[in-house]
Amino acid sequence: MKKIAVIPARFEASRFPGKLMKDLCGKTVIMRTYEAALHTGLFDQVLVATDSDVIYNEIISNGGEAVMSQKNHETGSDRIAEAVESYEADIVINVQGDEPFTNQTDLKKLIEVFENDKDQEISLASLMHEITEIEDIENPNNVKVITDLNSNALYFSRSVIPFPRDKAVKQPVYKHIGIYAFRKSALLDFYNQSPTPLELSEKIECIRYLEHGKKIKMIPTSHLSIGIDVPEDLEKARLEWQRLH
């Protein structure tokens with residue numbers, strides 16, 4: 001299987017504009033993310049897909065590979081689909097530009113989902129991390145996911161799911177980590193579809209796949225992910241980077 005990693009990178013993020021160009025211990029957030037994906041050695045190609053000249057030039061000037069999006073896109077999946085439409089690939093991995101702590105083990109597990117899916121029933125694979133702090137569980141910036149008994153996603157929400165109606169039932173709560181592996185065909189299907197009702201309500205793009213009946217395999221990880229959604233997250237990321245290096 002040919003595997004391409006794509007990092008969708010918008011400059012004008014609604015909650016934290018310009019976050020991908022902020023400094024993360026000597027390099028920009030987007031450059032840290034690009035290098036982390038490249039250094040895994042898992043991909044035939046790694047590229048950044050962006051609508052920003054600033055981000056494009058940041059990657060190219062540092063020896064990386066980037067493509068300019070020719071259209072405005074509502075979701076990262078749309079931006080990735082446009083970027084890879086003309087590329088030969090079987091599996092496309094979406095590495096979020098604001099998730100600089102991606103690790104090789106997690107990405108390898110996502111790829112293995114498709115290597116083991118002999119009947120090609122799975123359209124996507126993604127990651128989830130158990131969260132236990134009540135403020136994290138109740139934070140709408142943390143997208144939660146629930147799965148069936150075979151670890152296929154049932155639903156994603158910014159609300160608390162599952163709701164703990166029976167306190168005696170100890171059901172873990174999982175945060176969705178926005179790293180996806182797609183079959184290219186499923187990604188292009190998404191690109192050619194209109195946004196769906198629940199997707200629009202929650203503002204969570206992967207719900208569109210569920211609403212169209214696609215199967216999403218969720219892989220649990222214990223790896224701590226720090227997504228940079230707001231300025232406070234950047235400070236957490238800097239502390240974590242210093243701890244790891």
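Keep in mind that this is a model prediction, so the values were computed, not measured.
Here Asp98 pairs with Lys19 in a salt bridge; the nearest charged N to carboxylate O distance falls below 4.0 Å. With respect to the salt-bridge test (charged N to carboxylate O, under 4.0 angstrom), the residues Glu85 and Lys184 do not qualify.
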N/O donor to acceptor pairs below 3.5 angstrom from side-chain atoms of residues 159-169, sequence neighbours left out:
from: Asp166; atom 1: OD1; to: Ala168; atom 2: N; distance (Å): 3.0

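Every residue was checked against the side chain to side chain donor-acceptor pair (under 3.5 Å) condition with Gln104, not counting sequence neighbours, and none meets it. In this view, Asp189 and Lys214 satisfy the side chain to side chain donor-acceptor pair (under 3.5 Å) rule, not counting sequence neighbours. Under the side chain to side chain donor-acceptor pair (under 3.5 Å) criterion, Lys2 pairs with no residue, sequence neighbours left out. Considering only residues two or more places apart in sequence or on other chains, Lys215 meets the salt bridge (Lys or Arg N to Asp or Glu O under 4.0 Å) condition with Glu121. Applying the ring-ring contact (aromatic ring centres under 6.0 Å, His included) test to Tyr180 and every residue at least two apart in sequence or in another chain returns His176, Phe182. Annotation: salt bridge (Lys or Arg N to Asp or Glu O under 4.0 Å) contacts of Glu199 (sequence neighbours excluded): Arg208. For Arg183, the salt bridge (Lys or Arg N to Asp or Glu O under 4.0 Å) partners at least two apart in sequence or on another chain are Asp117. Every ring-ring contact (aromatic ring centres under 6.0 Å, His included) that Phe190 has, sequence neighbours left out, goes to Tyr209. With sequence neighbours left out, Glu65 forms a side chain to side chain donor-acceptor pair (under 3.5 Å) with Gln45.
The hydrophobic clustering, which links ILVMFWY residues whose side-chain heavy atoms are closer than 4.5 Å, places Phe101 and Ile7 together. There is no path of hydrophobic side-chain contacts, each under 4.5 Å, that joins Leu47 to Met21.
Here ring-ring contact (aromatic ring centres under 6.0 Å, His included) pairs that include residues 14-59, with residues two or more places apart or in two chains, number zero. Sorted by first and then second residue, the side-chain hydrogen bond (donor to acceptor under 3.5 Å, both in side chains) pairs involving residues 229-239 (not counting sequence neighbours) are Glu235-Arg238.
In the model, Ser157 has a side-chain atom that pairs as donor or acceptor with a side-chain atom of Glu202 under 3.5 Å.
Put simply, OG1 on Thr196 and CG on Leu198 are 6.5 Å apart, with the number rounded to the nearest 0.5 Å.
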